[in-house]
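Inspection log for the structure reproduced underneath, given as structure tokens.
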Protein chains: 4
Amino acid sequence: MSQQDSVEQWIHELAQLDDGKMTEKQFKIIEAAVEVFSEKGYAGSSTSEIAQRAGVAEGTIFRHYKTKKDLLLSIVSPMMSKLIAPFVLNNFKEVLESNYPSFEDFLYAIMMNRLNFVRKHHKIIKIMLQEIPFQPHLQAEFKQQIGTQVFQRLSTIVEHFKSKGEIIERPSQELLRFMASSMIGLLATHFILMPDQPWDEEQEIRDTIRLIMNGMSTK
Amino acid sequence: MSQQDSVEQWIHELAQLDDGKMTEKQFKIIEAAVEVFSEKGYAGSSTSEIAQRAGVAEGTIFRHYKTKKDLLLSIVSPMMSKLIAPFVLNNFKEVLESNYPSFEDFLYAIMMNRLNFVRKHHKIIKIMLQEIPFQPHLQAEFKQQIGTQVFQRLSTIVEHFKSKGEIIERPSQELLRFMASSMIGLLATHFILMPDQPWDEEQEIRDTIRLIMNGMSTK
Amino acid sequence: MSQQDSVEQWIHELAQLDDGKMTEKQFKIIEAAVEVFSEKGYAGSSTSEIAQRAGVAEGTIFRHYKTKKDLLLSIVSPMMSKLIAPFVLNNFKEVLESNYPSFEDFLYAIMMNRLNFVRKHHKIIKIMLQEIPFQPHLQAEFKQQIGTQVFQRLSTIVEHFKSKGEIIERPSQELLRFMASSMIGLLATHFILMPDQPWDEEQEIRDTIRLIMNGMSTK
Amino acid sequence: MSQQDSVEQWIHELAQLDDGKMTEKQFKIIEAAVEVFSEKGYAGSSTSEIAQRAGVAEGTIFRHYKTKKDLLLSIVSPMMSKLIAPFVLNNFKEVLESNYPSFEDFLYAIMMNRLNFVRKHHKIIKIMLQEIPFQPHLQAEFKQQIGTQVFQRLSTIVEHFKSKGEIIERPSQELLRFMASSMIGLLATHFILMPDQPWDEEQEIRDTIRLIMNGMSTK
DNA sequence: GATGAATGAGCCTTCATTCAT
DNA sequence: TATGAATGAAGGCTCATTCAT
């Protein structure tokens with residue numbers, strides 16, 4: 001699936017959040033906004049350029065989004081939930097336990113899953129990372145979603161494996177940070193630092209997970 | 001040493017790059033610019049606010065820095081070299097081998113060192129990270145400094161330990177990324193994500209290095 | 001016809017060059033710009049004063065003209081062609097020969113015609129003369145229009161009368177300069193040097209042409 | 001004599017008006033100001049560029065000239081008198097009658113004289129012509145000097161020749177304008193319109209005067 | 001709903017001028 | 001006398017936003 005296609009898909013998903021009421025124009029606006037924001041940053045972008053690239057009159061943007069910030073949030077905010085969606089499945093723990101024979105298999109599965117997600121939405125994720133420090137609204141959302149929802153669920157998992165003696169006895173926060181850092185580092189390297197350099201995804205992911213597992217394993 | 005003091009120190013170091021010729025006003029301007037840029041981002045900051053916070057007329061800024069971008073670069077650009085300074089010491093390898101009995105000790109030392117550096121300059125580093133994606137000049141510098149200088153030196157080290165059989169046989173790039181991710185993840189967590197939450201530095205650093213060593217060790 | 005009216009007429013002519021699409025506001029802007037530029041010179045005028053006199057927000061100017069210089073050129077540039085229009089009629093020579101029994105009659109006719117033109121557009125012509133030395137674009141246009149188009153056509157005429165023995169044998173360039181100087185001198189005197197002093201147009205023009213004819217005649 | 005030399009000479013003459021008290025710096029300032037004003041026009045020039053070209057601190061200009069306008073006037077104003085100096089000699093009429101057998105000879109002499117003057121000072125004259133329309137002070141001076149002093153003296157001469165029957169009976173104003181236009185037109189052509197094109201000065205001047213004489217002569 | 005002309009606050013930058021050294 | 005750092009008003013221009021059509 002091409003990048004263009006993936007952005008389109010994302011926009012369609014957004015549209016459904018708005019009860020599926022999204023005009024052709026509105027679609028073009030979001031598409032253009034993602035483009036421009038990710039190229040120049042939120043503050044460095046002008047609504048007039050977005051309008052131009054969207055092939056839409058300047059005023060049209062403000063018919064759909066009260067302000068420029070509104071436009072930003074309407075793009076970035078829903079992305080946050082999508083990003084962590086797999087971790088907050090209702091039956092997350094069950095899925096995990098019933099589907100994956102080992103923790104390592106679980107890590108691999110979730111990594112491949114998020115890798116594909118990031119690949120599809122890297123522009124919006126770039127915008128999100130850039131703007132979290134400056135948008136209190138995004139900060140709050142981030143803290144609540146990651147800090148509370150995801151962290152707590154993952155903690156439970158880690159505790160579980162610690163109690164089974166498979167993982168060393170260190171604070172869950174540290175262990176989770178270690179895992180997250182390694183995996184995010186992998187994604188960052190290939191999507192941000194060296195986006196043009198080809199890589200053997202499967203191999204590198206397996207290696208990374210191996211390093212993580214070795215690091216935390218009690219054996 | 002207070003944060004304020006550390007920023008002052010940094011500015012003094014900058015001053016020395018300019019042959020020590022730095023006015024009182026120029027000093028105040030940089031100080032204010034660091035403040036404002038890190039709070040609002042480069043594009044979101046106005047020179048008039050910087051002038052105001054510096055207690056200086058707006059025109060004064062432009063007597064010392066031809067443009068707003070000039071001001072940004074004169075703050076961020078020198079920081080890049082400082083950030084990687086320890087890795088590009090002329091006698092880096094010797095220092096490493098003669099002073100540190102084990103690789104682990106070396107990691108610990110360099111981690112503590114960079115931790116203190118980041119603590120002192122976190123505002124400027126924040127600005128740097130925010131602006132690298134949008135400032136070609138910074139991008140080039142970053143690629144050259146990190147990508148070439150630092151990466152090559154560290155590779156040598158890692159190869160060395162691989163050949164001694166202490167580290168597993170995986171591509172150096174992967175191993176370095178793994179190490180860097182874990183350590184940067186630690187810094188990011190405490191300086192960016194949760195800057196207000198207290199933590200036991202020594203303990204967490206030791207733990208993190210332990211996880212890294214376990215991950216890469218051949219034992 | 002009052003001066004005000006003549007400026008309005010000129011602006012309407014400009015409008016037609018733009019496919020007749022000219023807002024009320026745009027009209028006011030040009031009107032004010034002509035006023036201010038001719039009073040204070042291009043560099044000495046501020047867009048804010050133009051906006052004020054036009055009863056328009058400053059931003060409105062820049063919606064219609066990308067830059068201040070654009071505004072200047074859009075006023076002055078079309079004037080150049082109008083100024084020399086009579087000389088570059090397709091059938092210029094025929095008109096001349098069939099309508100005017102003598103060269104003197106022709107001179108008189110063209111002088112009266114241009115006199116009325118200058119009277120109507122003296123403000124814009126003043127701006128044009130002031131700015132030609134500083135605007136390469138205008139310089140180029142001037143050289144091409146006058147230097148090439150007009151000069152060549154008039155040369156042909158003069159050669160014609162020289163060959164008929166009515167005009168003395170001197171380089172056409174000199175003769176044309178002599179004619180132009182005398183006539184432009186007349187206009188300059190009454191429109192620039194002494195704009196408030198009344199004069200007998202017909203008489204002075206006839207006299208001037210007489211002086212010119214005497215000067216060049218072979219008799 | 002090179003152009004550079006002539007500007008220097010002019011500045012020295014200016015210096016003498018100030019009781020010869022002109023420092024090296026002051027000299028450089030005027031030199032630079034003439035250069036810059038003539039290149040970019042008064043309003044388009046900045047005192048900082050003048051200071052820079054003069055190799056002088058910005059403040060130094062204002063030690064010698066209270067304002068930028070002061071600097072302009074101190075350059076242009078004295079030039080006006082110089083320009084018309086030959087016409088206002090105390091014994092102008094005597095000189096004329098005793099030295100020049102015919103009116104034509106007189107015209108030739110004065111033309112050659114002013115030609116050399118304009119050649120030497122064309123930059124300052126350009127500034128003068130550009131600024132007269134915008135500087136009331138210069139306007140007043142111009143009107144008084146030309147309009148009163150020069151015009152009256154020349155009128156007397158013309159009347160004299162009219163009474164001798166050598167010149168046709170037309171208003172002196174018209175005749176003078178005719179003469180002045182032709183001669184100024186000649187200068188303007190070669191110093192302003194086509195400064196780079198070589199010309200046979202003596203020949204063109206003689207031709208022009210011949211045209212003028214033919215025009216006005218009673219024969 | 002869509003347009004795009006209009007707005008006016010605000011932006012970065014320049015400039016003539018001042019004044020302590 | 002000469003300097004040049006400092007000033008702050010003003011300049012040209014951009015921008016998010018509004019609103020009549």
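Throughout, protein chains are lettered first and strands after them, A, B, ... in sequence-line order, and every chain is numbered starting at 1.
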Protein-nucleotide distance (F37(D), atom CZ; dC15(E), atom C1'), rounded to Å: 13 Å

From NZ (K123(D)) to NE2 (H121(D)), nearest 0.5 Å: 12.5 Å

Toward the 5' end of DNA chain F, by each residue's nearest nucleotide, R63(B) or I61(D): I61(D)

Protein-nucleotide distance (H64(B), atom NE2; dT14(E), atom P), rounded to Å: 15 Å

Listed once per pair and sorted, the salt bridge (Lys or Arg N to Asp or Glu O under 4.0 Å) pairs that draw on residues 61-76 of chain A, sequence neighbours left out: none

Candidates dA2(E), dA2(F), dT7(E) - which lies nearest the side chain of K25(A): dA2(E)

Stem segments of DNA chain E by first residue number [Watson-Crick or G-U, under 3.5 Å, at least 3]: E:2-21 with F:2-21

Side-chain heavy-atom pair I50(A), L71(A) within 4.5 angstrom cut-off: yes

Below 3.5 Å between N/O atoms, which protein atoms pair up with nucleotides 9-13 of chain F? Just atom names and distances, please.
from    : atom 1 : to     : atom 2 : distance (Å)
dG12(F) : OP1    : S45(C) : O      : 3.1
dG12(F) : OP1    : K68(C) : NZ     : 2.9
dG12(F) : OP2    : T47(C) : N      : 2.8
dG12(F) : OP2    : T47(C) : OG1    : 3.0
dC13(F) : OP2    : K68(C) : N      : 2.7

Phosphate contact (dA5(E) OP1 or OP2) by T60(C) side-chain N/O below 4.0 Å: no

Pairs flagged by side-chain hydrogen bond (donor to acceptor under 3.5 Å, both in side chains) wherever residues 124-134 of chain D is involved - sequence neighbours left out: E131(D)-Q135(D)

Whole-Å gap separating P (dA5(E)) and CD (Q52(A)): 13 Å

Q26(C) CD to dG4(E) C1', straight-line distance once rounded to whole Å: 13 Å

Separation of atom CG in L72(D) from atom P in dA16(E), rounded to whole Å: 12 Å

Separation of dT13(E) P from E49(B) CD (nearest whole Å): 16 Å

Check: S74(A) main-chain N/O paired with S77(A) side-chain donor or acceptor under 3.5 Å: no

Any side-chain donor near an acceptor of the partner, T47(A) and E58(A), under 3.5 Å: no

Spacing of Y65(A) atom OH relative to dT18(F) atom P, expressed in whole Å: 17 Å

With sequence neighbours excluded, residues passing salt bridge (Lys or Arg N to Asp or Glu O under 4.0 Å) with E49(D): K40(D), R53(D)

First encountered from the 5' end of DNA chain E, between E24(C) and G55(A): G55(A)

Test side chain to side chain contact (heavy atoms under 4.5 Å, CB included) applied to A43(D) - qualifying residues, sequence neighbours left out: A43(C)

Gap between atoms CD1 and C1', on I29(D) and dA16(E) respectively (whole Å): 14 Å

Minimum heavy-atom distance S45(A)-F37(A), with the two atoms named: OG-CD2, 3.4 Å

